[in-house]
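To keep things clear, I will list the structure first and then write my remarks on it.
Order of the sequence lines sets the chain letters (A, B, ...), proteins ahead of strands, with each chain counted from 1.
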2 protein chains.
Amino acid sequence: MPILGRTKKEVVSEFRCLEILEAARGVFARKGFNNATMDDVAEAAGVAKGTLYLYFPSKREIFLETFRQGAVALQEEVRSKMDEEADAAGKILAFVRTRLEYAERNRDFFRIYYTEFNNMLTHPAPVRQEFQDLYDRQANVLAEVLREGMRRKQVRKMDPLAAAGIVYDATRGWIAQRLLGWSQSSVEDDANFVFDVIWRGIACSK
Amino acid sequence: MPILGRTKKEVVSEFRCLEILEAARGVFARKGFNNATMDDVAEAAGVAKGTLYLYFPSKREIFLETFRQGAVALQEEVRSKMDEEADAAGKILAFVRTRLEYAERNRDFFRIYYTEFNNMLTHPAPVRQEFQDLYDRQANVLAEVLREGMRRKQVRKMDPLAAAGIVYDATRGWIAQRLLGWSQSSVEDDANFVFDVIWRGIACSK
DNA sequence: CAATATTGTGACCGCTCAGTCATAACCCTG
DNA sequence: CAGGGTTATGACTGAGCGGTCACAATATTG
């Protein structure tokens, strides 16, 4: 007896999955993938260890799912905020600000993101391609914005992907600093500062 | 019978330490700290596992030592190249270029540096402070250069530590891209590009 | 309110791996 | 080259943990 296209069973199951993922996110953020145990996750989620395996096939898969969830949500938020802006400057500021804001609201996710992303990329794994794509998509959105900016003479001529890399990394670094508590300023101020430096670096000097 | 202030025993012992550290660096770079086993390190070093424990108290300590070694060498090289330059622009270019060059020559070290550094910082440990200091020292050298540049009206007024963070992160990001094989250009070109963008971002617009 | 199906449990298993230690090989030195 | 000291070895141990499964609790159905 499906309700709204889904059986009750499916709804409950999905709810459990989300509960587990949320608990897992906190545990992985606190202890890192390797030092987090399935017992930790089970305890945080308030279920027995065996239950975890009713909803996920392995520790790795739980981890990857928390990762995917956060990454996709981040990308969508960033993309939608960028779409609201008309020109390259506005879009890039939106990119920086939205990421900083999201990081503030999702510290656990970003802890995971920054401690494990490099690991994913540098140590070949079956999932490597998936995360490569994740980065590529972000970089390409930025690069497209920059290309358009160059066409309109707002951004000076340079390799768009290279410039995108710098925008991305400057933002990345700033978020890391905030996560480590090295910045006292507001998200707004920090975003403006990072944007200001980067924009002067890539804009047409008029 | 000490020779040149050291006994033969000490010399041999130091040599063995270096052998082990070099082997360990490769293993940790390839597999990451958690997936590397002491058997791996022993095999790479061409000794038995027990021998490792004659020279180091634990896996963790071997790892930290490879890390310290590389970080100290990097810092000294960067500092000395920066000292050869007279003004802020030259010093910052030297900072970027020397780091890129060093990364090219010490890929193993940088693999470790980038995959484990965040781990060190975000997961409290007795060593946390040590690595915090390592970063602080680098950032302060940069910040001092920027402060001096501001005094001479070459760099526009801004928080020097914040600006140092951006220089550091843009460089960091670029090295990561090179390690992942995402850049085809020469080190020289890449260094100039990164410097160019950053410098326009922070220099007095004249 | 049985009878059956579904979901949850946690003791347990097998394996990996850091670290140990009894033994061996290799020095010196006299 | 004997014998005492130093360095090397690798089989072994014990702990930790991912994953399983026999059983229990709960839900569903007729």
Margin query: Ring centroids only, cut at 6.0 angstrom: are A/Tyr168 and A/Tyr135 within range, meaning strictly under it?
Written below: yes
Checklist line | Ring center gap for A/Phe131 and A/Phe67 short of 6.0 angstrom | finding: yes
Item checked: B/Phe33 six-ring centre to B/Lys59 NZ/CZ under 6.0 Å and within 45° of normal -> yes
For [Y], does its backbone N or O pair with a side-chain atom of [X] as donor and acceptor, under 3.5 Å?
| X | Y | value |
| --- | --- | --- |
| B/Asn192 | B/Glu188 | yes |
| B/Arg156 | B/Gly201 | yes |
| A/Asp196 | A/Phe193 | no |
| B/Lys49 | B/Ala42 | no |
| B/Tyr102 | B/Gly70 | yes |
| A/Asn118 | B/Tyr114 | yes |

To the nearest Å, give me how far apart [atom1] ([X]) and [atom2] ([N]) are.
| X | N | atom1 | atom2 | value |
| --- | --- | --- | --- | --- |
| B/Asn35 | C/dC15 | CG | P | 19 Å |
| A/Leu52 | D/dC21 | CG | P | 17 Å |
| B/Asp40 | C/dC17 | CG | P | 8 Å |
| A/Phe15 | C/dT7 | CZ | P | 16 Å |
| A/Phe63 | D/dG18 | CZ | P | 13 Å |

Next item on the list: Map A/Asn34 and B/Gly46 onto DNA chain D by nearest heavy atom, then report which one ends up closer to the 5' terminus.
Entry: B/Gly46
Nucleotides 19-21 of chain C: which of its N/O atoms have a protein N/O under 3.5 Å away?
unit_1: C/dG19; atom_1: OP2; unit_2: B/Tyr53; atom_2: OH; d: 3.2
unit_1: C/dG19; atom_1: OP2; unit_2: B/Lys59; atom_2: N; d: 2.9
unit_1: C/dG19; atom_1: N7; unit_2: B/Lys49; atom_2: NZ; d: 3.1
unit_1: C/dG19; atom_1: O6; unit_2: B/Lys49; atom_2: NZ; d: 2.5

Show me the protein contacts with nucleotides 4-7 of chain D, counting only N or O atoms at under 3.5 Å.
none

Notebook entry, point to check: At under 4.0 Å, does any side-chain N or O of A/Thr37 touch on OP1 or OP2 of D/dC17?
Noted result: no
Notebook entry, point to check: Using a cut-off of 4.0 Å on non-hydrogen atoms, how would the nucleic acid contact of A/Ala42 be classed: base, sugar-phosphate, or nothing?
Noted result: nothing
